[in-house]
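Everything on this sheet refers to the single structure shown next.
So that the names make sense, note that chain A is the first sequence line, chain B the second, and so on, each numbered from 1. Keep in mind that what you see is a predicted model, and the values were worked out from it rather than measured.
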2 protein chains.
Amino acid sequence: MPFQPVTAARLSGAVVEQIELLILRGVLRPGERLPAERDLAERLGVSRPSLREALGALQEKGLLEARAGAGVFVAEGLRSVFPPALVRLFAGHREAVVDYIGFRRDLEGQAAERAAVHGTDGDHAVIAAALAAMEEAHGRRSTPEEEAELDAGFHMAILEAAHNVVLLHMMRAMFGLLREGVFYNRQIMFRNQPTRARLLEQHRSIAAAILGRDPAAARAAVEAHMDFVEQALAEQVRAEGHEAVARQRLER
Amino acid sequence: MPFQPVTAARLSGAVVEQIELLILRGVLRPGERLPAERDLAERLGVSRPSLREALGALQEKGLLEARAGAGVFVAEGLRSVFPPALVRLFAGHREAVVDYIGFRRDLEGQAAERAAVHGTDGDHAVIAAALAAMEEAHGRRSTPEEEAELDAGFHMAILEAAHNVVLLHMMRAMFGLLREGVFYNRQIMFRNQPTRARLLEQHRSIAAAILGRDPAAARAAVEAHMDFVEQALAEQVRAEGHEAVARQRLER
DNA sequence: GAACGTGGTCAAATCACTTGACCAATTCCG
DNA sequence: CGGAATTGGTCAAGTGATTTGACCACGTTC
């Protein structure tokens, strides 16, 4: 029968969740001091010991730092690009995925435009080669891991062709996180046959627009691609939800 | 400062939530008997008094019925189409919105096909009149409430033109729920100027395909329309989320 | 009709949280 | 520079939520 054990949610857990979200969304910034414990406890409507339990958990996660007599601060270390504590935070929240795709959509759209305009013949050759590798892999039924790696290579080639070092380093860090599966399991995009075909088609459109030196078309193609990825991921999440419900129905 | 009071979630609340979801998803069906209290308490990992508190709340909501000596049953009354208890359940869960749109997409796609093939000249005249009313309203800046009402009239005209009484009654009930704002506030679709324009465009496409007796085009136009509605709603939810975060940042 | 299994009720014990107090460290102000 | 104020850190007693365990009444089954 499809019943799951429930656990009494601790008050401190709810406090942790709220403060984590404020950090994730940039409302609480690195180095910033939180309200004093007595004040914060009052605002949250909890006792100081309960609040302190939550603050302790957040310190263990590397998100907060407490100094007796001085106050509680958002960890300075969160200022660096993608410190481990922030990566764990991203991994635990779905809205980071949506924001990531939106962000990537904007930046890669821009990169594609720039690659169409400023890309050298050498850059364009690298992009063409990356696409050729994907076509070849597609033909011989490679693994989803391999195709995901080629996909990253293709997108990195475009980013390099954009000749913007800030953009490049930012996106390199992003792809690092994507490889670690922080945002989503990128291989799922290549497991489904029709999706594989659609992705290749979109990559062809992107490459054609860049190599044809059509910045507007390049941008539009990238945006359409990211829209498709977002939709496919949403579909995946829904399908997984449906699978879980079907299993529950079967369990009776 | 952007901190919200937190309240200790009661154990019984978590139990209520789980059983509600099982009912919403059709895992627990009307008339079906739940496991005995002692058994269920064990599976959920809670005490009988806590479980009974949850079962009591579910009975008050009209979802369960208990009979001393016989057992606890999912309410028989949930068998009827959209009983109040089920409507309240829909209203409280976002996944019902997604399912509703998917369901409506399928049924209205079918209805549009049928309207293209089987609709009489009279039916088609009604559809054309409904579209004309929407064009007229669009031109003179009507209220979102008024446009939502005309929208429902347009879709009902198509459903009537499909000449399938089961479909018609089913969708009438659906539109009744939509009017009550169970799934979403339907007027939000008409508040945004570009969205208004897009909706009218899509309604024109739907009408043109039906009146041109092109079933495949009619279905495709309806599906594209529902996809757009779903996307616009998702955007709305995200925008509201962003607005809330912006307010929190401002609050410091 | 008796036994078993069910829902319904309740008291005592345990755990999570609150209240209130006190101590040590840091900051601020005169 | 020292004292006052504010901060974090710790802890005991009280309160409410939950668990444990028991008992009673009703319905079903053999």
Side-chain angles (χ1 to χ4, degrees), chain A residues 1 3-19 22-23 28 30-77 252, chain B residues 1 3-19 22-23 28 30-77 252:
Chain A
M1 243 310 189
F3 295 99
Q4 303 292 333
V6 303
T7 46
R10 295 179 70 93
L11 205 53
S12 59
V15 174
V16 166
E17 177 72 18
Q18 183 174 155
I19 295 178
L22 292 173
I23 295 175
L28 292 176
E32 182 169 342
R33 184 170 153 294
L34 268 63
E37 279 183 11
R38 289 163 184 81
D39 184 10
L40 188 48
E42 191 178 342
R43 297 194 205 204
L44 291 169
V46 303
S47 64
R48 272 193 70 216
S50 291
L51 170 63
R52 287 185 56 77
E53 188 179 329
L55 295 182
L58 289 161
Q59 287 174 60
E60 282 187 34
K61 291 185 176 192
L63 296 173
L64 293 183
E65 286 158 0
R67 289 197 284 283
V72 179
F73 301 81
V74 180
E76 278 285 355
R252 344 154 38 68
Chain B
M1 243 308 189
F3 296 98
Q4 302 293 331
V6 302
T7 46
R10 294 180 71 94
L11 204 54
S12 59
V15 174
V16 167
E17 177 72 19
Q18 182 174 157
I19 295 178
L22 292 174
I23 295 175
L28 292 175
E32 183 168 343
R33 183 170 156 291
L34 268 64
E37 279 183 13
R38 290 163 181 83
D39 184 11
L40 189 48
E42 191 179 343
R43 298 196 206 201
L44 292 168
V46 302
S47 64
R48 273 193 69 218
S50 290
L51 171 63
R52 286 184 58 76
E53 189 179 327
L55 295 182
L58 290 162
Q59 287 174 61
E60 281 187 35
K61 291 186 177 191
L63 296 173
L64 293 184
E65 286 157 1
R67 290 197 284 283
V72 178
F73 300 81
V74 180
E76 279 286 354
R252 350 171 16 77

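- Taking all atoms of both residues into account, the shortest heavy-atom contact from Ser12(A) to Ser50(A) is CB-O, 3.8 Å.
- We find that CG of Asp39(A) is positioned 8 Å from P of dT7(D), with the value rounded to whole Å.
- Between Ala41(A) and Leu51(A), the closest heavy-atom pair is N-CD2, 3.6 Å.
- Between Ser50(B) and the phosphate of dA17(D), there is no side-chain N or O to OP1/OP2 separation shorter than 4.0 Å.
- In terms of heavy atoms, Gly31(A) sits closest to Phe73(A) at O-CD2, 3.6 Å.
- If you take CD of Glu42(A) and P of dC17(C), they are 20 Å apart, rounded to a whole angstrom.
- Every residue meeting the side-chain contact (heavy atoms from CB on, under 4.5 Å) condition with Ala9(A), not counting sequence neighbours, appears here in chain and number order: Ala9(B).
- Non-hydrogen atoms lying under 4.0 Å from DNA chain C are contributed by Ala68(A), Gly69(A), Ala70(A), all within residues 53-77 of chain A.
- Put simply, CD1 on Ile23(A) and CD on Glu32(A) are 9.5 Å apart, with the number rounded to the nearest 0.5 Å.
- When distances run from any side-chain atom of Glu37(B) to the nucleotides dT19(C), dT19(D), dG7(C), the shortest one goes to dG7(C).
- Listed by chain and number, the residues in a side-chain contact (heavy atoms from CB on, under 4.5 Å) with Arg38(B) are Arg48(B) (sequence neighbours excluded).
- A side-chain donor-acceptor contact under 3.5 Å links Gln18(A) to the backbone of Gln4(B).
- Closest to the side chain of Pro49(A), from the set dT20(D), dG7(C), dT19(C), is dT19(C).
- A heavy-atom distance below 4.5 Å is not found between the side chains of Val15(B) and Leu58(B).
- Under the rule for a side-chain contact (heavy atoms from CB on, under 4.5 Å), the partners of Glu76(A) that lie at least two apart in sequence or sit in another chain are Arg79(A).
- Distance, Leu34(A) CG to dG9(D) C1': 17 Å, rounded to whole Å.
- Between Val74(A) and Leu64(A), the shortest heavy-atom distance links the atoms CA-CD2, 3.8 Å.
- Computed from coordinates, the Leu51(A) CG to dT18(C) C1' distance equals 13 Å when rounded to whole Å.
- Within residues 6-15 of chain B, the residues approached by DNA chain D to less than 4.0 Å at the level of any non-hydrogen atom are Arg10(B), Leu11(B), in residue-number order.
- A rotation axis mapping the C1' atoms of four pairs onto the next four is fitted at both ends of the helix from dG1(C)-dC30(D) to dG30(C)-dC1(D) over five pairs, and the angle between these axes is 20° to 10 degrees.
- Rounded to an integer number of Å, the gap from Arg52(B) CZ to dA17(D) P is 18 Å.
- With hydrogens and angles ignored, the 3.5 Å screen pairs a side-chain donor or acceptor of Arg33(B) with a backbone N or O of Ala70(B).
- If you take CZ of Arg38(B) and P of dG21(D), they are 14 Å apart, rounded to a whole angstrom.
- Of the residues near DNA chain C, Arg48(A) and Gly45(A), the one whose nearest nucleotide (by heavy atom distance) lies more toward the 5' end is Gly45(A).
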